[in-house]
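Predicted model, so just to flag it, every value in this text is computed and none were measured.
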Amino acid sequence: MSFLYEPIGLSHYLAVGAFLFVCGIVCMATKRNALGILIGIELVLNGAILNFIGFASPYFRDENLGLDGHLIALFVIVLAAAEAAVALAIALNFYNNHATIDVDRASELKG
Amino acid sequence: MLFTLVNHLTTDTLASLVGLGAELVLCATIVLILLARMFQLTQRIDSTWLAMIGTLLALMVLSPLTPWDVTRSPVEMVSIGELPQVELFTGMLVHDGFGVMVKTLLLVFLLLLFSLIKLTKAHGKADSPDFTTLLLGATIGMFLMISTNHVLIVFLAIEMASVPSYAMVAIRRGDRKGSEAALKYAVYGAGAAGVMLYGISLLCGLLNSAHLPTMAMRLSELTSAGLSGSQTVLLVMAALMILAGLAFKLSAVPFHQWCPDVFEGATAEVGAFLSVASKAAAVALLVRVALGLGDSVDPSLLATVRSFLAMLIGVVAMVTCTFGNLAAFAQTNMKRLLAYSTIAHAGYLMMAVPPMLALVGVDNAAASQCAGYLGLYLAVYLLMNLGAFAVVAFLRDTMGSEEIRDYAGMIHRSPSVAICLSILLVSLIGLPPLAGFVGKFAVFGGIAQGYLATGDTLLAVMLLVGCLNTAVSLFYYLRVVKVMTMDPIDDEAAPMLVGPGILQRSYLWCVTLPVLLLIIGWNWLNVWIQAATSGLFS
Amino acid sequence: MQTLLPYLPSLLAIAVLLPLGSFCAILLGAQWLGAKGKFAGTLATTAVLASTVLSFFSAGIWFTAHPAGAVDHAAHEVPPVITGHGYTLATLAGTNVGINYYIDALTIVMFCLVTFIATCIHFYSTSYMHDELDDVVDQEALLEDGESLHRPGRYARFFQSLSLFCFSMLGLVLSGNYLMTFVFWELVGLCSWFLIGFYVERTTASTAANKAFIVNRIGDFGMLVGMMALWGSLGTLNFGDIDQQQGIFSQVRGEENHYALKVPDGMVRLAAGRQIEALALHATEPLTTEQLAAKVNAEMPVWREANLGYGLLIIAGLGIFCGCVGKSAQFPLHVWLPDAMEGPTPVSALVHSATMVAAGVFLVARSYPIFLPEVLLVVACAGCITLLIGASIALVATDIKRVLAYSTISQLGYMMLALGCGGWAAGVMHLVTHACFKSLLFLGSGSVIHAVQTNEMPQMGGLWRKMPWTAGTMLVGCLAIAGIGIPSVFGLPIGLAGYYSKDLILEQVYAFRSENPLWGSFFFAAAAGGACLTAFYMFRMWFLTFWGEPRAAKRFDRAHESPRVMVVPLVLLAILAVCVAWPAFSWFGLPTLSRSIEQARPAGIWADMHGALWHITLPEESKGHTAAVTSPVGLIELGAALAGIALAALFYAWKVLDPEDVSRSFHPLYHTLYRKWYFDEIYQAVFVRGTMALAHCASLLDRLLIDRLVDGLARLGVGLARLSDLWLDRQGIDGLVNWFAEQTYRLGSALRTLQTGSLRQYVMLIVASTVAMFLLISFWTLALTG
Amino acid sequence: MDNLALYIVTSLIFMPVVGAIVLLFLPAENKSLLRWFTLAITLLVLLPLLGIAMPGADWLSFQVGDGGVQHVVQLSWIPSFDIQFFLGIDGISFPLLMLTAVISLLAMGASWTIDQYVKSYCVLYLLLLAGMIGVFLSLDFFLFYVFWEVMLLPMYFLIGVWGGPRRQYAAIKFFLYTLVGSVLMLIALLMLYFNSDLRKLSPQQLTASYVAAWDNGGNLLSAEKYKQQLEVSEHAVHTFNILALQQLGQNSDAFDQRLLYGKSVQWWAFVLLFVGFAIKVPSVPLHTWLPDAHVEAPTPISMILAGLLLKMGGYGIIRICYPICPDAGYDLAWLVCSIGVISMVYGALAALAQSDFKRMVAYSSVSHMGYVVLGLGVWSATAGNLFDPTAWNMGVKGALFQMIGHGISSAGMFFMVGVVYDRVHHRDLNQFGGLYGKMPVYTAMAMLLFFAGLGLPGLCGFIGEVFVVLSAWNFSPTLAAIAAAVVILTAGYILWAIQRVYLGPQYHGPHEEALTEINRREMAVAIPLCVLAIVLGVFPAIVFRYMDKTVDRQVTDLTRWTEEVKLPRLRAAEAEADQEVAANEP
């Protein structure tokens, strides 16, 4: 637990990122509500973004990802938004057809 | 300095735009369609026509035959094939023969798909602006996948290809199955993308670069210095996570679950697109990533990495292929069966990659040839699968059913359809003299070549597994053929009052005849593809 | 005449082909041969008559060129032989395999014999088979409703088969190599199959035909093995030398070795395959094939000394003999011959007594040069056992044809015994004489059967009154087979045909006994005892049939003497049975039987032979003709025959003894004999059932194992599909995911209830799979590295 | 004129294809037109072959004195894989081609009973014919493989649509078995291709094996020139040319690379190819498709299956397995021979146990084709035999003759079964009897053909059997003796079947009234078969005439190979073993 006493560094970023990632996964896996799952996905993406930011920062490491990391983070944010928009639309469509957004009810297709 | 930078960027961008011509044309087409829609033009002109024109234009801009000239002899071709591998946009993308070849195949496929859409009823005029936009958009994403040279583009392209696909699956309003499939697809895709992105972040962090060749260089430096334990774990973990994302696109086992559900829920036209275009792009991406990571200045440095990747891809390919073939046995829905068949074919496609990895450094020319074999398989697979899905679409239109049971006695109801589908399915098995055999022959030939050159046991196993899978797949493809040709018409079968029209049947023959007759002269295709890929490893 | 000698092969070939022509003509043109194929008989008879004429003409040519008795074996003169090449079946690396001929005195004698008897029988048949001209009611073929079968007659078909048989038999005699022998061997078997099964509607007939064919095939199997051994080592199957190419005989008994038996180089080489290979592999320098061959030749004496190849020659001999065992109905393959009596009686006379069954003896005689003493001992043993078994069963048989059949078996045993003991001429001589009197006996029995419509002797009796010609000729036959004769009249023995040949046999066995006391005593006892038994059962048959009072009045009343066309052949054959072996013909400058045969004695069979593995000596044949042997043997033979006849008379003519009583007091023995030593039952149980059991095993194996395996694989595929689909996805992985989800839920939050849903499972699976793969790879790398 | 001959050879393949296409445009209702048209096409395939068979016309006749390949048609096809359209006739393929043409003509004659979907039947039939001709004609491995597979699909439909009650099971079983065999073959094909290297051949060998290349103008390069071109090539120049592969297999170390388990490329290739061909032959234990396929197939297709398709397995073994992979062939000869003998015994035993007439005949095919495998496998030209090729020569010739003979007798037997099946619609051996009385002419012909199957001298089955069996002795006396023993079993099942079907007092099965004498059309099919059975039995030289030189040449080549290549290898191995023994001794 020594890293709790260290100044903020890469490992902290990574830890938070990993935490977010795991949270997101758990969220995706446990939520029955489609919106909840979408939130989980956002969390996963944010975990990754945090990693990129951490890796890109020149303050933590001499050799770093640099601008690329930041750029990727920015792009991912935008993409996440786009993806969320489409996913929400699809969820809405699902609701229109099934009158629910409980993903457990989406079980017509199987086999 | 800023000026130099800007100047540099401008020249680079301008030069790069040339290599991006096809994508730009497609973008322009999208814009055009959207504009046309804004001005209510689409009610008068079906936007599918616009999309087809756009695709044609893109094909012309891509000009796959120049500087290739198939009329020349193979010896000369080699020199022509050396289209210099150009990095575009400061190394974000790469433009080379391999990319052009796969893109050409995609565009040809797109043309055929648009014609199919015109002939079927699922995506009518009202939907067509949305639908064509989505299709073209996804295609641009796939183009980026094909020519990616940077992890950002990897992610971006996958998302660009996926997101419109989600929407396409759900495009029919009021379709319960479609909406469910779309939801599953979207969630699964997004999840996979998330995992992949996380893997990418780890890898980039470790190698401190996002540019694939640079990453490879760093990796070779790292490996030559000796990897620490945690680094190895991180690398493997990252590789697996990235693979998860790619495997999702390829519908490789164990990331395949979405595939049958989505194919069943989506229309056959979308199924065709997903099963061909998306697989083609994904396998091209796999080649890029795997080789980008595996290729370095000194081939011996990354031998372990390559053999690890070959092992990983090879095992996944074998499992995918076997699983797909086995799981298809029990299917009753044609689209679902084709979905599993797609999974199996994804396995065959992936099988072409390990010999490539094994041959790099041993015999680069042979490795390039293997990439060509993959292209050949893709080219053939494109026709066969499109044809099969087209039949499903036509029959859905005429009798409203996609159950295999209802195809009974098809030979009497609509002989053309039955014969065409039979030919296509048998071709999917890979039996001579149909085109499917050419693809299989090439891919297995690549594996055999790799095996004999390297003596890698994995490749021998793969060859055997691949060949035996061919025999296994016989069962379910032939079951459909049997139902159509030998089973009597069931009273409970869905009625078909009017068979597919003359146009539809002509379309089927147009797709089937090349499948039937390709064996007579596939040299030009092989030469063209080999020339295109000859520069992949130099 | 001598100038015609070069045309001899052609003449004989025409004699062979004439019946074939008749066969083809009848086969294809039966409907044009008069009503119901009436002229088929005429055609076939004409053809075989022409063959007879040609044969005797050839004999004339031959014996003019090579007078009988002119060859002096004492001076080691080689018998005259004409060999040649007919046409090629295939060329194999320079060797021709084809149709060859081998003509010597034996061939000529056999030709005359076969054609003459065949002609008699053809004439006889034209009358005997007369019923077949019209529609036939077959009493023995019952339909399911109990009615007798009505069928059209098959007169033409009968003669068609008979013609084919004549062709095959003559071809067999003319054969110049084992392959051709085998070809005709099989063809006579086929004809035998056709003729035994002539009444195709009778199940017994077709079963008997099949039995005959299959049992013969067992023999043929052995013959094939013998041929393989010869072909594999000597590279030829020809008997004699043809165009510089050495035949088998000259390789085994080469001139350079004074015609003494020597294991040929080829056999030594084949047997020494391992040694040669070792030479090639372990030579210090690489050898060319020529060098290797030279080395092999250098080693040859050493190997020959070690008896390498001797076993191969034994196999070859035994194999060929095996074929003869089948064809000549020797123990243990004798079981088919009695059943073969299902065929029409002329067939039994021609095929199953006079000619085809004698072919085995003929082939042993023909192959004599390659038979080692060890092999000949086996021949003798088989012959000895056969003669006893045949004779013993004939004692109790009541079917007149079966008595004759067993008698045939027994007499064939005699021939084999003679050959096995070194009596080449004796065996061949008995073959000829036996053919004459046995065909006579069969034709006689046919005449009887024709008259009384039954085969069962208990329903006959007293027939001599009704059919004196038949009774008389048959009596001649019985006397001949019993071997009645006077040992010395004016220094020459006088007797019926059988006397001479049987006497020769006994003499040879006697001579054999003096060299090999153990085997010889047994053989001699059997031969002498057999002579007694022969006389007994033949006269039992004669007495039961012709003597005494009629036992079935109805049949007796209907009985009548046969028409002339049947009687004339009987008389002809009776004359032959009396005088065929008379040495007195030489007074008229005619070739006598014994001299003709003697002329054909193969080169080298004029000295004692000694076995290398077993201690056996085969005396050369002249040793049996010394006075010290001939006088006691002659007396013993005559005594045995007379004793047999007397005994038969005691039982059946004078009725001093009651056969019923005797059979009752020796019941077990009687029963065993009556059931033919239980051979059929044992064979049925062991071989037929065994084979069928194996067959069913094979079939079941296919259906249950291999097919199941394949089907199972397919089902496994489908199952796996279902499994991966249902179980693995739904239960296995899903279960794991459920469990995992559940655990996550318990660990994470107790506030929310969690219910799994498929989409969430899918998503979960992304992570689960990645982790699982990671673990797998870790373990795999660990396992590889540490 | 020479070119004309080449067109004729090529037309053998394309005639049926064109015929099939023309058929598509004929009216489906006019069944007799369709049938006669198809018959005419099969006749058109036979006629040129007859022309080639006849001596006299130098430009067309088969030159019996030439052991090499004749009438070579060679066109560049897929240059990027060096695949050529390469056809040729030699003594091994020509008799089989004749057989193909004859049997398919007769089987078409037997197809008149097919009354459903005649058009499709005829089209598929002609495609099948094209495939079969193609297999025997092609000298390019790729082409061979393509034709090999071309036959599968028509066959599948022919069994599956026009067959008996369990036709679909039988059809898929046939397909699956054969496909497994052919994918294994594909692996071997690829392995051989990628290991082949034309640079290792001398100009003479290149010329002998018709290795050809075309320059940019499409003109054929001379061997010398091509050799020069090859020599400067940096990469191995691969080839599918079967003749070149044979040369490579026998004259170079191209296929000796060690692969899995220390076995060489050719060892593996041989095993894979052999399994593929053994399935087709079919050899125990890969034979179970055959009884089902035969039983369910319609009569003409059974004739084709037994008469022709099985022969392809044997053809493949002699054409591809042995000459290309001699080393493996030498080492595995015992395996091949054992499989042959096991098939013979097993097939005969199984035939004995059948009660279905057709099934019995089918198992007899398994048994008879065992002779073929045995005959091809008896590599007795070893050091121990002083490299004497005679026995092997005899074995190969016997095997080839057996293929021809069996082609005729088995087709005949199946036809004969079909004739009676058409009348009474059952095949239960125990429910026949008495056909002799009802159909005498039919019975006579059937017996003749069954006796031919039994291997009776004077008929076509004999020569092959006896040659094979005789030749086996020098390889292994035990195997030879077992093989010889099969003659007993063969006689057993054939005679028993004849007894149950043809003999006996009366027929005791259903539809007795339908038992009418064989009709003219059936006679037209049966008589040629009977005549051929006799003629080939009496004058086998008319077949040997064609195959002699080629077989002699192949066997001599392989014997020379044993002498010059294999012996030193064996010596080296032996020396190594000796050294090891010496080293292990203290």
Side-chain angles (χ1 to χ4, degrees), chain B residues 72-77 363 365-366 369 372 411 415 422-423 426 429-434 437-438 440-442 444-453 455 457 460-461 463-464 466-472 474-475 478-479 481-482 485-487 519-527 529-530, chain D residues 76-81 83 85 117 120 131 134 142-143 145-150 152-153 156-157 160-163 167-168 171-172 175-195 214-218 229 234-236 238 257-260 265 268 272:
Chain B
R72 297 198 208 173
S73 81
V75 190
E76 285 172 289
M77 296 296 283
D363 185 350
Q369 276 175 4
I411 189 82
S422 299
I423 291 174
V426 174
I429 301 172
L431 278 186
L434 302 173
F437 170 68
V438 172
K440 280 224 168 113
F441 170 77
F444 292 159
I447 302 175
Q449 197 173 6
Y451 172 56
L452 293 170
T457 319
V461 176
L463 191 58
L464 193 67
C467 281
L468 288 180
N469 258 303
T470 304
V472 171
L474 177 82
F475 259 129
L478 221 51
R479 190 165 60 90
V481 175
K482 188 206 84 177
T485 54
M486 298 180 197
D487 285 2
I519 191 84
I520 295 174
W522 50 283
N523 190 50
W524 62 272
L525 188 62
N526 188 40
V527 167
I529 291 175
Q530 288 295 346
Chain D
S76 177
W77 182 18
I78 312 291
S80 50
F81 269 103
I83 297 169
F85 185 78
Y117 316 132
S120 321
F142 184 88
L143 191 63
Y145 186 78
V146 168
F147 281 124
W148 181 273
E149 301 271 294
V150 162
L152 293 188
L153 210 56
Y156 169 76
F157 284 112
V161 177
W162 289 271
R167 55 180 181 262
Q168 296 186 348
I172 190 85
F175 206 152
L176 194 72
Y177 258 92
T178 325
L179 190 65
V180 169
S182 49
V183 293
L184 296 181
M185 227 168 98
L186 177 64
I187 298 181
L189 174 144
L190 291 169
M191 277 169 38
L192 290 175
Y193 173 75
F194 283 112
N195 260 309
W214 289 261
D215 65 9
N216 295 338
Q229 224 182 59
E234 286 173 31
H235 297 285
H238 305 312
Q257 189 195 334
R258 302 275 143 206
L259 292 183
L260 293 175
V265 169
W268 284 107
L272 293 169

Heavy-atom pairs under 4.5 Å with chain B, option from D/N195, D/V150, D/V161, D/I187 with the top count: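 The answer is D/I187.
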
Counting only N and O atoms by type, is there a donor-acceptor contact under 3.5 Å from the side chain of B/Q449 to the main-chain atoms of D/F194? no

Would you compute the distance between atom [atom1] of [X] and atom [atom2] of [Y] and round it to the nearest 0.5 angstrom?
X: B/C467; Y: D/L272; atom1: SG; atom2: CG; value: 9.0 Å
X: B/L525; Y: D/I78; atom1: CG; atom2: CD1; value: 9.5 Å
X: D/Q168; Y: B/R479; atom1: CD; atom2: CZ; value: 12.0 Å
X: B/T485; Y: D/F157; atom1: OG1; atom2: CZ; value: 4.5 Å

[X] versus chain D, the contacting section by heavy-atom distance below 4.5 Å:
X: B/V481; answer: side chain
X: B/F441; answer: both
X: B/A365; answer: side chain
X: B/I429; answer: side chain

Looking at every non-hydrogen atom in both residues, tell me the closest pair between [X] and [Y] and how far apart they are.
X: B/N523; Y: D/S80; result: OD1-OG, 2.7 Å
X: B/A471; Y: D/V180; result: CB-CG2, 3.7 Å
X: D/W77; Y: B/I519; result: CZ2-O, 2.9 Å
X: D/G160; Y: B/M486; result: O-SD, 3.3 Å

Against chain B, label [X] side chain, backbone, both or neither, depending on which of its atoms sit under 4.5 Å from a heavy atom there.
X: D/F142; result: side chain
X: D/L186; result: side chain
X: D/F85; result: neither
X: D/L189; result: side chain

Can you find a pair of side-chain heavy atoms, one from [X] and one from [Y], that are under 4.5 Å apart?
X: D/L179; Y: B/L431; answer: yes
X: D/V183; Y: B/N469; answer: no
X: D/F81; Y: B/V438; answer: no
X: D/Y193; Y: B/L452; answer: no

For the interface with chain D, which of [options] has the highest count of heavy-atom pairs at distances below 4.5 Å?
options: B/L434, B/L463, B/L478; answer: B/L478
options: B/T457, B/I520, B/I411, B/D363; answer: B/I520
options: B/G455, B/G466, B/G445, B/A453; answer: B/G445
options: B/A460, B/S422, B/G430, B/P433; answer: B/P433

